[in-house]
Amino acid sequence: MTWTSLNAWAAAPEIFLLVAVSVILLIDLFVSDAKRHITYLLTLVSLAITACLTVNGLAQPVQLAFSGMFVADPIAGVAKLGMVLGVALVLIYGRTYAEARGIYKGELFSLTLFALLGMMVMSSALNFVTLYVGLELLSLSLYALVALRRDNVHATEAAMKYFILGALASGMLLYGMSMVYGATHSLDILTIAQRVMNGEVNHLLIVFGIVFIVVGIGFKLGAVPFHMWVPDVYEGSPTLIAQLIGSAPKIAAFAFVIRILAQGLEAYVQDWRGMLVVMAILSLAIGNLTAIAQTNIKRMFAYSTISHMGFLLLGILVGTPVGYAAAFFYAVTYMLTTAAGFGLVMLLSREGFEADRIDDFKGLNQRSPWFAAMMLLVMFSMAGIPVFVGFFAKLAILEAVVNLGLTWLAIYAVLMSVIGAFYYLRVVKVMYFDDAEDKSPIVAGLDSRVVLSVNCLLLLIIGLMPDRLLYLISAAVAHSLLPA
């Protein structure tokens, strides 16, 4: 490895974030609980600088680093900006919530930043080893964050379930990667793609490897039949950690899928497309149908996530830049939507009260007409009602699927979305037509109220002008290292 092949500047955002999290970890040792806002502010400043470095990288041409194991391309850059924003929203919305539950500590900030670092490495990885390192850094950080409330039985149980099933999925993924390595004699994604195109591989072995890789991907996305952990982890986790799990990592998982399937194994699209079709069909059905029966809003969001991941898979299985751009757009807009949803749950929470039942939203319009309207925007966007960004995200996916010739699959997805609209509209119904059971004042900082309001309004604003964000994402996909 020479200085030229090292090209460490391409990884400037990741290098800075690693240094920043190490410094924050040391500084926090000398910060008392009463002055924890110092750690909080340092974390937000670190996120802002990381975002600036990422934007600067977007202005550069595609760069390879660390002897081709790392790439700085537009897909990675836009994904990293989305991840940084998602993590910042978690910390802003969850500050008051974390203080009331005794988890407003240095571990929360350092583990969250390590999780972000893992996501960023995943989005830029061009080697199976780099991909796996990023994935495990993210996963191990999330396991610890779920168990942050060590005195809470539900959190501990959720963390154990997440850890055990996550370790099993990681093993499956690693086994699939080892099969692909055995078939191609390479861990480098671009080299694997070249050898597959040249026919220099063991086809039977590589197909078996794809099966195990798709299983691992299915778990990380929370797609059926690998979804068992999602509702329990969402319900058992502190709400801000549930928000973290449900938002930014979905963008990282999309980037992970793009690197492996679209870049490395694009020649086997017919093989992995069939598996993704089955997962998408099951996720849309089970996610939407099971969510109807939920009374806990975090479990409802969990099954909603499963159905949304079914839509994300529809975009990926198209196997074209148009499909990838639609799926990328869906992942980014879903991050914004789910962050706002969990933010509103935390807004209504207070010490000793989680506000995690749908009934806790009864009469919200009487307590706070403004935040009832914000929750209405979130529910309408998740349901895919026109004018809101969720509608255009679904429309982009459906258009790509129809262009592939799978019209029946698009019709099925629309029918499942109509069924799913029921449980979203039920939340709107209890807010506006039921009498309030809890009339306590809403306790939240001015920063979280303002940012949450802007987040919710963006769901409408981007929905009115979806072409701007979609064009940016389509251009990022077109100028990245993807097959034509």
Side-chain angles (χ1 to χ4, degrees), residues 87 90 94 97-98 100-119 122 132-176 212 215-250 252-253 256 283 286-287 290-291 293-306 309 338 342 345-346 349 352 354 356-357:
V87 169
V90 168
Y97 179 92
R101 283 151 187 80
I103 56 175
Y104 194 64
K105 300 181 182 296
E107 296 94 315
L108 172 65
F109 302 105
S110 57
L111 287 170
T112 302
L113 290 181
F114 273 124
L116 174 60
L117 179 60
M119 293 182 234
M122 285 170 63
Y132 194 73
V133 167
L135 177 64
E136 286 306 295
L137 182 55
L138 168 63
S139 300
L140 293 173
S141 301
L142 292 180
Y143 302 153
L145 284 167
V146 171
L148 210 52
R149 296 181 68 183
R150 287 170 288 184
D151 57 340
N152 187 290
V153 176
H154 296 295
T156 306
E157 180 185 349
M160 284 299 296
K161 181 172 289 188
Y162 193 16
F163 172 71
I164 292 170
L165 292 177
L168 180 63
S170 294
M172 293 278 194
L173 185 66
L174 199 58
Y175 190 52
F212 284 100
V215 168
I217 289 171
F219 176 88
K220 299 305 177 184
L221 285 172
V224 180
F226 314 105
H227 66 292
M228 298 78 69
W229 62 275
V230 181
D232 292 334
V233 170
Y234 274 42
E235 183 181 14
S237 305
T239 306
L240 81 162
I241 306 305
Q243 178 189 337
L244 176 61
I245 295 171
S247 55
K250 302 308 180 188
F256 188 88
S283 298
I286 292 177
T290 313
Q294 305 306 312
T295 58
N296 183 293
I297 198 163
K298 287 163 71 174
R299 289 186 74 88
M300 189 196 85
F301 279 153
Y303 285 106
S304 166
T305 296
I306 293 168
M309 291 306 101
T338 196
F342 279 110
V345 173
M346 285 186 282
S349 301
E354 287 292 325
D356 58 357
R357 297 181 306 126

Subject >> K298 to S237 - nearest heavy-atom pair and separation >> reply: NZ-O, 2.8 Å
**OP:** Check side chain to side chain contact (heavy atoms under 4.5 Å, CB included) between A252 and all other residues, then give those that pass, not counting sequence neighbours.
**Re:** M83, M119, M122
**OP:** Applying side chain to side chain contact (heavy atoms under 4.5 Å, CB included), name anything that partners E107, two or more places apart in sequence or on another chain.
**Re:** K105, L111, L148
Original post:
Which heavy atom in M300 sits nearest to a heavy atom in A291, and how many Å separate them?
Top reply: CG-O, 4.1 Å
Original post:
Restricting to pairs with a member in residues 142-152, which pass salt bridge (Lys or Arg N to Asp or Glu O under 4.0 Å), not counting sequence neighbours?
Top reply: R149-E354
Original post:
Between CG of L142 and CG of L137, what distance do you get to the nearest 0.5 Å?
Top reply: 9.5 Å
**OP:** Would you give the length of the straight line joining atom CG of L116 to atom CG of L138, rounded to the nearest 0.5 angstrom?
**Re:** 9.5 Å
Subject >> Pair L173-F256, side-chain contact (heavy atoms from CB on, under 4.5 Å): steps then yes or no >> reply: CA-CA 12 Å; L173 185 66; F256 188 88; 3.4 Å; yes
Subject >> Given I103, I241, L140, the one that forms side-chain contact (heavy atoms from CB on, under 4.5 Å) with L145 >> reply: I241
Original post:
What is the distance from atom CZ of F301 to atom OG1 of T338, rounded to the nearest 0.5 Å?
Top reply: 6.5 Å
Original post:
Which pairs with one or both residues in residues 217-231 pass salt bridge (Lys or Arg N to Asp or Glu O under 4.0 Å), sequence neighbours excluded?
Top reply: none
Subject >> Beyond-backbone contact of I245 with V146, side-chain heavy atoms, under 4.5 angstrom >> reply: yes
Subject >> Any residue meeting ring pair (Phe, Tyr, Trp, His ring centres under 6.0 Å) with Y104, in chain and number order, not counting sequence neighbours >> reply: F109
Original post:
What residues, two or more places apart in sequence or in another chain, satisfy ring pair (Phe, Tyr, Trp, His ring centres under 6.0 Å) together with Y303?
Top reply: none
Subject >> Distance-minimising heavy-atom pair for G236 and A158 >> reply: CA-CB, 3.9 Å
**OP:** Might you point out which heavy atoms bring A115 and S141 nearest each other, and give the distance in Å?
**Re:** N-OG, 3.6 Å
Subject >> S170: partners by side chain to side chain donor-acceptor pair (under 3.5 Å), with sequence neighbours left out >> reply: E136
Original post:
Hey, is the main chain of L240 close enough, under 3.5 Å, to the side chain of Y97 for a donor-acceptor pair?
Top reply: no
Original post:
Is the closest side-chain heavy-atom distance between V87 and T112 below 4.5 Å?
Top reply: yes
Could you go through residues 223-235 and list every donor-acceptor pair under 3.5 Å that involves a side-chain atom there, pairing it with any protein atom two or more places apart or in another chain?
from : atom 1 : to   : atom 2 : distance (Å)
W229 : NE1    : F219 : O      : 3.2
W229 : NE1    : F226 : O      : 3.4
D232 : OD1    : R299 : NH1    : 3.1
D232 : OD2    : K161 : NZ     : 2.5
Y234 : OH     : T305 : OG1    : 3.4
E235 : OE1    : R299 : NH1    : 2.8

Original post:
Excluding sequence neighbours, so at least two apart, what forms ring pair (Phe, Tyr, Trp, His ring centres under 6.0 Å) with Y143?
Top reply: Y162, F163
